[in-house]
Amino acid sequence: MDFELNEQQQAVFDMAVGFGQDAIAPHAASWEEEGTIPRAFLVQAGELGLAGMVVDPEAGGSGLTRLEASLAIEGLAMACPSVSAFISIHNMVAWMIDRFGDQALKDRYLADLCSFQKVASYCLTEPGSGSDAAAMKTRADVTNEGFALSGSKSFISGGGYSDLYVVMARDGEVLASNADTPAAKAVSAFLMDDGSDGLSFGAPEKKMGWRAQPTAQVQMDGVKIAKGQRLGEAGRGFVYAMMGLDGGRINIAAAALGAAQTALNKAVEYAGERRAFGQSLDQFQSVQFKLADMETQLQASRIFLRQAAWKLDQRASDATAHCAMVKRFVTDSAFEVANQALQIHGGYGYLEDYGLEKIVRDLRVHQILEGTNEIMRLIVARHLLDRG
Amino acid sequence: MKALVCVKRVIDYNVKVRVKSDETGVELNNVKMAMNPFDEIAVEQAIRMKEAGAVSEIVVVSIGPKQAQETIRTGLAMGADRGIHVEHDGELEPLAIAKMLKALVEKEEPGIVFCGKQAIDGDNNQTPQMLSALLGWPQGTFASGVELNDAGALITREVDGGLEDIQINMPAVLSVDLRLNEPRYASLPNIMKAKKKPIDGTTPADLGVDPAPRLTTLKVTEPPARAAGVKVASVAELVAKLRDEAKVI
Ligand SMILES: Cc1cc2nc3c(=O)[nH]c(=O)nc-3n(C[C@H](O)[C@H](O)[C@H](O)COP(=O)(O)OP(=O)(O)OC[C@H]3O[C@@H](n4cnc5c(N)ncnc54)[C@H](O)[C@@H]3O)c2cc1C
Ligand SMILES: Cc1cc2nc3c(=O)[nH]c(=O)nc-3n(C[C@H](O)[C@H](O)[C@H](O)COP(=O)(O)OP(=O)(O)OC[C@H]3O[C@@H](n4cnc5c(N)ncnc54)[C@H](O)[C@@H]3O)c2cc1C
């Protein structure tokens, strides 16, 4: 068993770290203040192949494995987890279209998505249903031309900013053939373009973290969707959405890991410089032990994360459970490490200039979205107990 | 025109270099290695000239241990076409490297050879000059500007006093300086493609060169720790110290 990154994996990681430090880090604070990520930056990221990482090269993607893509997200997040996670969500949608879309949809969207000429959002959560996503109310009524989408999606990353929205909704066609279809099996995924009639957005949410990326409610009032804009098979939308999240969770964990590593690096450096009681902080055993625990948490996270990504690449039967375990374990560990790194900075950790409080604020939501960490336990327990 | 670009695997510039405890050299075990930064600039220059249509093929060459292939791969991911790896473990001196490069130039017949102005490990700044002398080709060292023209190439050189323009005939050996360009990041698709690009292997013996060092390293030690500074009370005291203690004036 070889735990080293191979040459190519190392090259992917190094590129993402370098590009992140050059193109994101100097702007992370101002993008957060402005509440938006400049399109020009995304196009630059697209030129480096960061917008369609796991999409087939034939369709304009980079053809990376999940493991390699997670390395890129980890590397970018060392500069800013919010920007890195935004890129991850876009990649998730691009993958869904590549994996489940027919040729017409791929031709229509993938080239633009893979170059970041177009930005995509993922719309599952609703005001009344988050963890219990299958209880969604948004519906796609059958019309002569195709469908009409009605309902609201909440907390949508990129809401009002993106060009394309993949919307999970109850499919009228499925329900017409069997009104008693179980909720999850009545859902299809639809591709909705920005600018459609009947599409509107809520005000940008004011958030604790992830402020660089806009989050808003997506409101649909009879938005017309052509028949061909339904992604893949009718009634499979929920499955597609969950499959998207397997990879998404790996990346949400990877982004948390990269940011927590930056926090630890800062803490080590600070503990060597800051003096109290006649010596540098890193001479106190209690600080040393804290640093040792942080390092151990991140090393354990890294190896666990990469194993889960590898399982997803292998399409292992326990991949979903591993993605859930990793999402829970890594995002909890990363938050704890970031919080301790802030603590080691004393009062300075609480100030914006030192960059720690932003990491703590940003990483908090990694424990909540793409399935809360409680829901991750639910998935793991189900997997464990189902074995019988 | 074919371009040959010479790249060296060195300790990453971010790494704090440590001397081995037995004082035979610097610690390379478990140390992050990377392409010499000046060589990245050389690769970038060749790629830009290829994009501009002035260069038709880019061959990257590295001489060193097996892992030097990773450095070649980095060049291929940036956009070079193929690689040549001269495998050799152990110490190499600039003259032996220049002789091997000469043999490769005779075989490959490039119209231009790019090197970094120096490698950040040994900081020798000798190989390109030696190569140019062995080939009998013109050299343009410390280049911060390269412009091909009908008569050959106009090279802007970074010299102590500022910039110097020289017109040289081609083919030539160029050594590139920091301000020539800003190397690009390899894109993900290009990183993926790089593993499929060919790297030919050869050895010093195949090239007819004896790589044995001519110098003996007695010992490698850390530089002395910097002593604490002193504050001076007056200009007169400063001048006195510079003259009598530092002996610089
Ligand atoms: C900044 C941000 C960006 C987001 N981006 C997107 C996006 O782009 N697209 C998208 O679709 N969604 C997005 N979300 C939504 C996110 O996925 C949901 O917030 C999340 O799934 C939780 O849903 P909820 O907020 O409705 O909480 P609830 O589901 O109401 O949960 C509240 C609490 O109850 C717990 N709970 C619920 N059910 C159980 C149970 N069975 N057992 C034990 N505990 C339970 C939860 O763990 C949680 O602690 C985003 C959210 C945020 C904050
Ligand atoms: C919002 C805010 C408001 C404030 N308001 C006031 C105010 O009104 N008046 C005022 O006087 N001060 C105020 N402070 C300062 C605050 O009291 C200090 O920040 C706090 O005492 C910590 O000191 P420090 O920041 O210098 O951290 P440091 O003393 O440098 O400590 C850094 C880290 O090292 C640890 N550490 C230090 N010594 C040891 C040791 N011997 N063993 C183990 N660990 C150790 C600390 O626990 C901490 O984790 C404020 C701070 C903030 C952030």
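For clarity, every value in this text was computed on a predicted model and none was experimentally measured. To find a chain, count down the sequence lines: A is the first, B the second, and so on, and within it residues start at 1. Computation of the quantities below employed the complete heavy-atom set of this structure, encompassing side-chain atoms and omitting hydrogens, waters and symmetry-equivalent molecules.
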### Message
Taking the ring centre of each residue, are A/His90 and A/Phe116 less than 6.0 Å apart?
### Response
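Yes.
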So which residue, [options], ends up with the most heavy-atom pairs under 4.5 Å with chain A?
{"options": "B/Thr74, B/Ile191, B/Asn190, B/Leu188", "value": "B/Leu188"}
{"options": "B/Lys193, B/Arg73, B/Gln67, B/Arg184", "value": "B/Arg73"}
{"options": "B/Ala77, B/Ala194, B/Ser187", "value": "B/Ser187"}

Between [X] and [Y], is any side-chain donor less than 3.5 angstrom from a side-chain acceptor?
{"X": "B/Arg9", "Y": "B/Ser62", "answer": "no"}
{"X": "A/Ser121", "Y": "A/Ser162", "answer": "yes"}
{"X": "B/Asn181", "Y": "B/Glu44", "answer": "no"}
{"X": "A/Asp107", "Y": "A/Gln103", "answer": "yes"}

#### Entry: Enclosure of A/Gln299 CD (heavy-atom neighbours >12, cutoff 6.0 Å)
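Yes - once you tally the heavy atoms of other residues, nucleotides and ligands closer than 6.0 Å, there are more than 12.
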### Message
Counting neighbours of CD on A/Gln21 that are heavy atoms of other residues, nucleotides or ligands and sit closer than 6.0 Å, is the number greater than 12?
### Response
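Enclosed.
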### Message
Please list all pairs meeting side-chain hydrogen bond (donor to acceptor under 3.5 Å, both in side chains) that have one or both residues in residues 256-265 of chain A, counting only residues at least two apart or in different chains.
### Response
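Only A/Gln261-A/Asn265, A/Gln261-A/Arg302 qualify under side-chain hydrogen bond (donor to acceptor under 3.5 Å, both in side chains).
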### Query
Going by the side-chain hydrogen bond (donor to acceptor under 3.5 Å, both in side chains) test, which pairs reach into residues 60-71 of chain A, not counting sequence neighbours?
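Qualifying pairs, neighbours excluded: A/Gln8-A/Glu68, A/Thr65-A/Glu68.
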### Contact origin within A/Gln10 toward chain B - heavy atom pairs under 4.5 Å
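Answer is side chain: those atoms of A/Gln10 sit under 4.5 Å from chain B.
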### Task
Evaluate the side-chain proximity of B/Ile84 to B/Ile199: yes if any heavy-atom separation is below 4.5 Å, no if none is.
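Result no, sub-4.5 Å side-chain heavy-atom pair not found.
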#### Entry: Residue-level interface, residues 30-38 of chain B with chain A, non-hydrogen cut-off under 4.5 Å
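Contacts with chain A: B/Lys32.
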### Query
Between A/Ser84 (side chain) and A/Ile73 (backbone), is there a donor-acceptor pair under 3.5 Å?
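Between the backbone of A/Ile73 and the side chain of A/Ser84 there is a qualifying donor-acceptor contact (under 3.5 Å).
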### Message
Main chain of A/Gly46, side chain of A/Ser115: is a donor-acceptor contact present, judged purely on distance under 3.5 Å?
### Response
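No, A/Ser115 side chain to A/Gly46 backbone: no donor-acceptor pair under 3.5 Å.
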### Message
Given heavy-atom pairs under 4.5 angstrom as the criterion, report whether the side chain, backbone, both or neither of B/Gln69 touches chain A.
### Response
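Only the backbone of B/Gln69 comes within 4.5 Å of chain A.
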### Query
Where on B/Ala186 is there a heavy atom nearer than 4.5 Å to chain A: the side chain, the backbone, both, or neither?
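It is the backbone, since no side chain atom gets that close.
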### Task
Using heavy atoms and a sub-4.5 Å threshold, report which of residues 268-279 of chain A line up against chain B, by residue number.
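Listed by number: none.
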